[in-house]
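Following: one structure in structure tokens, then a few remarks.
This structure is a prediction, so every number in the text was calculated from the model and none was measured.
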Amino acid sequence: MGAIAGSLHSSGHRRHDAPTGEQARGMGREESMAAIRSAVAELLAPDAASFWLPVEQAAALFLGLL
């Protein structure tokens, strides 16, 4: 994620500001972490038989180490 943000920044890509008086609203922290955790779990799913833990828990543990 950091590499992507860094390359976007160095390329000159900028977010578009919200119109005057409106605040830009994306996903909150909880929603973002849930989406990332779900994506990592999908990546781990093919190897689920070799894990001692459910893939959702393994994904959460992996992200906790980052």
Side-chain angles (χ1 to χ4, degrees):
M1 296 291 287
I4 293 171
S7 63
L8 285 173
H9 179 72
S10 66
S11 72
H13 178 80
R14 300 284 184 255
R15 290 190 301 176
H16 298 288
D17 292 333
T20 305
E22 292 183 28
Q23 182 178 3
R25 173 90 167 100
M27 287 195 296
R29 179 164 166 50
E30 294 297 323
E31 294 91 2
S32 296
M33 287 303 295
I36 294 170
R37 188 171 40 253
S38 175
V40 172
E42 284 184 39
L43 290 173
L44 297 175
D47 298 319
S50 64
F51 292 141
W52 292 345
L53 301 170
V55 290
E56 294 82 13
Q57 191 174 1
L61 289 171
F62 174 75
L63 291 173
L65 293 172
L66 296 180

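- For Ala59, the side-chain contact (heavy atoms from CB on, under 4.5 Å) criterion is met by Arg37, Val40, Ala41, Leu44, not counting sequence neighbours.
- Through direct or indirect side-chain contacts shorter than 4.5 Å among Ile, Leu, Val, Met, Phe, Trp and Tyr, Met33 is connected to no other residue.
- Applying the side-chain contact (heavy atoms from CB on, under 4.5 Å) test to Leu66 and every residue at least two apart in sequence or in another chain returns Phe62, Leu63.
- Under the side-chain contact (heavy atoms from CB on, under 4.5 Å) criterion, Leu53 pairs with Gln57, Leu61, sequence neighbours left out.
- Nearest approach of Val55 to Ala48, heavy atoms of both residues: CG1-CB, 3.6 Å.
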